[in-house]
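In listed order, ligands and their atoms are each counted from 1.
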Amino acid sequence: MLQTKSEDEPMVTKKKSKIPCLSLSSFLPALEAVTAAVTMPGGGGVPPGTPSAKPKEKQRTKVVVALYPFKAIESGDLSLEKGAEYEVIDDSQEHWWKVKDENGSVGYIPSNYVKEKETIGLQKYEWYVGEMSRQRAESVLKQEDKEGCFVVRNSSTKGMYTLSLYTKVNHPQTKHYHIKQNIRGEFYLSDKHCCSSIPELINYHKHNSGGLCCRLKATPCDRPAPPTAGLSHDKWEIDPGELVLLEELGAGQFGVVRRGRWRGRTDTAVKMMKEGTMSEDDFIDEAKVMTKLQHQNLVQLYGVCSKHRPIYIVTEYMRHGSLFNYLRRTAPDQLGPAVLLDMCIQVCKGMAYLERHNYIHRDLAARNCLVGDENVVKVADFGLARYVLDDQYTSSGGTKFPIKWAPPEVLNYTRFSSKSDVWAFGVLMWEVFTCGKVPYGRMKNSEVVEMVQRGQVLEKPKGCLNEIYNVMKACWRHAPEERPSFRLLKEELAGVAQSVLAD
Ligand code: ADP
């Protein structure tokens, strides 16, 4: 494992840090409040005066640094300034923490916008993008189209880092360099120039190409901030008066989907639920839980407008629409095997998160995944199938039932599980590697059911690597318990990406 030595890394430039420092005294009142809460009767702490009470342990103050700016508009929220430090007062809720800024103002902030100062490591640098595949790095840099534009990302080998660098010399291309480490623990790209930390190495190559195709000159402009779990803390009911409805994005099973702007600043997709298509009260209860599901490969549910009819489901907006349409309209040569595999890996990561939270999708397919900026693919509509009232959709004999994505136990006994999602994921991989073909072509549903019962599976897509087809086949094992979990599939697919396609 490489150590990034984040604690004692020298600053990249000699300029004074813009990060405002918080003095200990500004933290003290909050510290006292925390200590008081712990010792209050009924607060779960030791009542004062108890003979066996041990001396109080000093509370550790948790300080976080903002990775993205955040603008508070709801009362009780606090704005974040990128790079500034905040003291955490209450992190008992997973997604919204109460923090204090350097002026003593207190409020809620989205926890995915900050990182603990002690463990921030490389994340404080503009050029570090963490988990980003080679394909996505290429797409981000190509979009920027600047000579010497670069990012540092986690390599597919755990604990290693890769520099992705864009150059226009000869023809526009992105080069990828592994950051290596010698036996003295120094980092290097070319073994003539070793540095004691990665930021130092980056700084060196900003001034000297030293074996690279060009010097490191720029980083991609402000990258989009991730969506928050709900539009504010404890908020899942959205006032429709605060939503401006814009163009139609598409229409589906439940009705029309339009782009919306919330309070003039947050892009959203608004699904207007046709009346009578879903059991609304049950769904509204569930929506509270669903806003709390948060992952970079899940379309974020922001909330619902449930006080009028039709009800609206408000989610994160995904610029390129459904994965199915994206595959169909994009030229196959633009989507080489590496890009296609990366799309599957992203869906698999979102599904592994749902699996970890014991959440079953029930209708996973390319049409229910969406594509956003930077080739990001996210899973949408998870769990919605449970609230559909239409028998044609919910019963396996119905005309709208997704038979072609269903395993034998769903066809026979409507037995859904994460392993039935795994089967559907295999079909989704097939859709991806055929660039949006319809599984089982024009076969009738009854013929598909027969074929699946007989143990026959979809054929290998043209040009698909055996290693990738083997993963699909593992998803289509007859017995659910013999299919791999999403957690395992994620590792499997990462292994394929590493061994068959370059990192
Ligand atoms: P339904 O669930 O009612 O069948 P869909 O979720 O499939 O509807 O949405 C219909 C279409 O609307 C999609 O194919 C897609 O083009 C568009 N759409 C849906 N959600 C979004 C979103 N979050 N961002 C952008 N486009 C979306």
Side-chain angles (χ1 to χ4, degrees), residues 224 226-231 236 238 243-262 266-280 283-284 286-287 290-291 293-305 309-330 343 346-347 350 354 360-394 398-405 424 427-428 431-432 436 438:
T228 52
L231 291 164
W236 56 272
I238 296 170
L243 269 178
V244 175
L245 295 176
L246 303 161
E247 76 275 11
E248 187 172 319
L249 299 171
Q253 160 87 13
F254 299 108
V256 172
V257 182
R258 287 176 68 177
R259 188 159 73 88
R261 284 222 113 203
W262 182 71
T266 309
D267 268 327
T268 64
V270 182
K271 205 181 259 207
M272 296 154 162
M273 309 302 284
K274 247 189 280 173
E275 279 178 72
T277 54
M278 77 175 334
S279 53
E280 290 170 352
F283 170 74
I284 291 163
E286 175 69 7
M290 283 161 84
T291 50
L293 295 171
Q294 183 173 56
H295 186 271
Q296 75 237 35
N297 299 112
L298 292 186
V299 173
Q300 182 66 51
L301 175 67
Y302 284 138
V304 291
C305 303
R309 294 295 177 271
I311 60 169
Y312 294 170
I313 298 182
V314 184
T315 67
E316 173 185 6
Y317 167 66
M318 300 288 286
R319 186 203 293 266
H320 299 294
S322 92
L323 173 61
F324 177 75
N325 291 333
Y326 186 80
L327 290 165
R328 301 274 289 205
R329 67 169 182 258
T330 313
M343 288 175 163
Q346 293 190 61
V347 172
L354 289 184
I360 307 168
H361 191 300
R362 291 178 167 81
D363 194 8
L364 178 64
R367 64 180 173 278
N368 282 334
C369 295
L370 294 163
V371 183
D373 284 327
E374 302 182 353
N375 270 345
V376 172
V377 182
K378 302 193 184 193
V379 178
D381 287 346
F382 32 93
L384 267 194
R386 276 171 302 161
Y387 304 100
V388 178
L389 290 174
D390 186 349
D391 278 353
Q392 293 301 324
Y393 177 85
T394 50
T399 49
K400 297 183 198 156
F401 189 85
I403 291 224
K404 293 175 169 181
W405 286 261
V427 182
L428 179 144
E431 293 183 274
V432 169
V438 177

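Contact annotation: for L384 versus ligand 1, there are no heavy atoms closer than 4.0 Å. Only the side chain of T315 comes within 4.0 Å of ligand 1, judged by heavy-atom distances. With a heavy-atom cut-off of 4.0 Å, A251 touches ligand 1 through its backbone alone.
Where the criterion is an N or O separation shorter than 3.5 Å, residue side chain and backbone included, N325 fails it with respect to ligand 1. Ligand 1 has a nitrogen or oxygen under 3.5 angstrom from a nitrogen or oxygen of D381. By the 3.5 Å distance cut-off applied to N or O atoms, F254 is counted among the residues near ligand 1. Considering backbone and side-chain atoms alike, Q253 places an N or O below 3.5 Å from some N or O of ligand 1. Of the polar atoms of V299, none of the N or O atoms is found under 3.5 Å from an N or O of ligand 1, judged by distance alone.
A cation-pi geometry, defined here as NZ or CZ lying under 6.0 Å from the six-membered ring centre and within 45° of its normal, holds between R367 and W405.
Closest to atom 23 (N) of ligand 1 among all protein heavy atoms lies E316 O, 2.9 Å. Scanning the protein for heavy atoms near atom 11 (C) of ligand 1, the closest one is G250 CA, 3.8 Å. Closest to atom 21 (C) of ligand 1, if we only count protein heavy atoms, is L370 CD1, 3.6 Å. Atom 18 (N) of ligand 1 has as its closest protein heavy atom V257 CG1, 3.9 Å. Considering only non-hydrogen protein atoms, atom 13 (C) of ligand 1 sits nearest to S322 CB, 4.3 Å. The protein atom (non-hydrogen) at minimum distance from atom 26 (N) of ligand 1 is L249 CD1, 3.6 Å. For atom 24 (N) of ligand 1, the closest non-hydrogen atom of the protein is M318 N, 2.9 Å. Looking only at heavy atoms of the protein, atom 8 (O) of ligand 1 is closest to G252 CA, 3.5 Å.
Taking a 6.0 Å sphere around CZ of R329, one finds it holds more than 12 heavy atoms contributed by other residues, nucleotides or ligands.
Expressed to the nearest 0.5 Å, how far CG of L231 lies from CD1 of I238 amounts to 4.5 Å.
Residue contacts with ligand 1: M273 is excluded, as none of its non-hydrogen atoms falls under 4.0 Å.
Looking at K271, H320, M278 and measuring to atom 6 (O) of ligand 1, the nearest heavy atom belongs to K271.
Note: H361 and F382 have perpendicular aromatic rings, judged against thresholds of 30 and 60 degrees for the angle between ring planes.
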